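Just so you know, these numbers come straight off a predicted model, no measurement behind them.
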Amino acid sequence: MENLENMSREELQKLISDAQKALKTVDARRMAEAKRAAELAAKEYGFSLEDVVQAGGKSTKGSPKYANPMDPSQTWTGRGRKPNWLIEALDQGKSLDDMAL
């Protein structure tokens, strides 16, 4: 390898470009190897990699426990901040039981 101090600007930029291409190739190869390893690991347990990836997704926010009687598409799980429609209904004298699913 040449001494970097003796290289021209163009030679240095070509070296950088070649190195970036080499890194992309290495990354692509390692990604393929990782995918193959993950597929084999999943297969060992009787699953496909796709099965494992789909099952590992984020959990749902929970099933709704309450619905707005005026608009059943508006629901609340009973967790977190109460939605405005629920606050308004409670202010009007309704109870949570009135809106339970």
Provide the closest heavy-atom pair for A42 versus V52 in the form atom of the first, atom of the second, distance.
-> CB-CG2, 3.8 Å
Could you give the distance from CD (Q13) to CE (M7), rounded to the nearest 0.5 Å?
-> 11.0 Å
Verdict with reasoning, L96 to W76, per side-chain contact (heavy atoms from CB on, under 4.5 Å) | CA-CA 11 Å; L96 278 179; W76 183 50; 4.2 Å; yes
Step by step, work out the side-chain contact (heavy atoms from CB on, under 4.5 Å) result for W85 and M99.
-> CA-CA 11 Å; W85 61 263; M99 290 166 274; 3.8 Å; yes
Looking only at atom types and distance, does a side-chain atom of D51 sit under 3.5 Å from a main-chain N or O of S48, one as donor and one as acceptor?
-> yes
Closest heavy-atom pair and its distance - P72, A67 = O-CB, 4.1 Å
If you look only at pairs with a residue in residues 15-34, which of them pass as a salt bridge (charged side-chain N to carboxylate O under 4.0 Å, His left out), with sequence neighbours excluded?
-> K14-D18
side-chain contact (heavy atoms from CB on, under 4.5 Å) between L101 and K65, worked out | CA-CA 5 Å; L101 292 176; K65 293 185 174 89; 5.9 Å; no
Are any non-hydrogen side-chain atoms of T75 and Y66 less than 4.5 angstrom apart?
-> no
Is there side-chain contact between L12 and L4, with at least one heavy-atom pair below 4.5 Å?
-> yes
Salt bridge (charged side-chain N to carboxylate O under 4.0 Å, His left out): which pairs involve residues 91-101, sequence neighbours left out?
-> none
Looking at side-chain heavy atoms only, is the closest gap between P83 and Q74 below 4.5 Å?
-> no
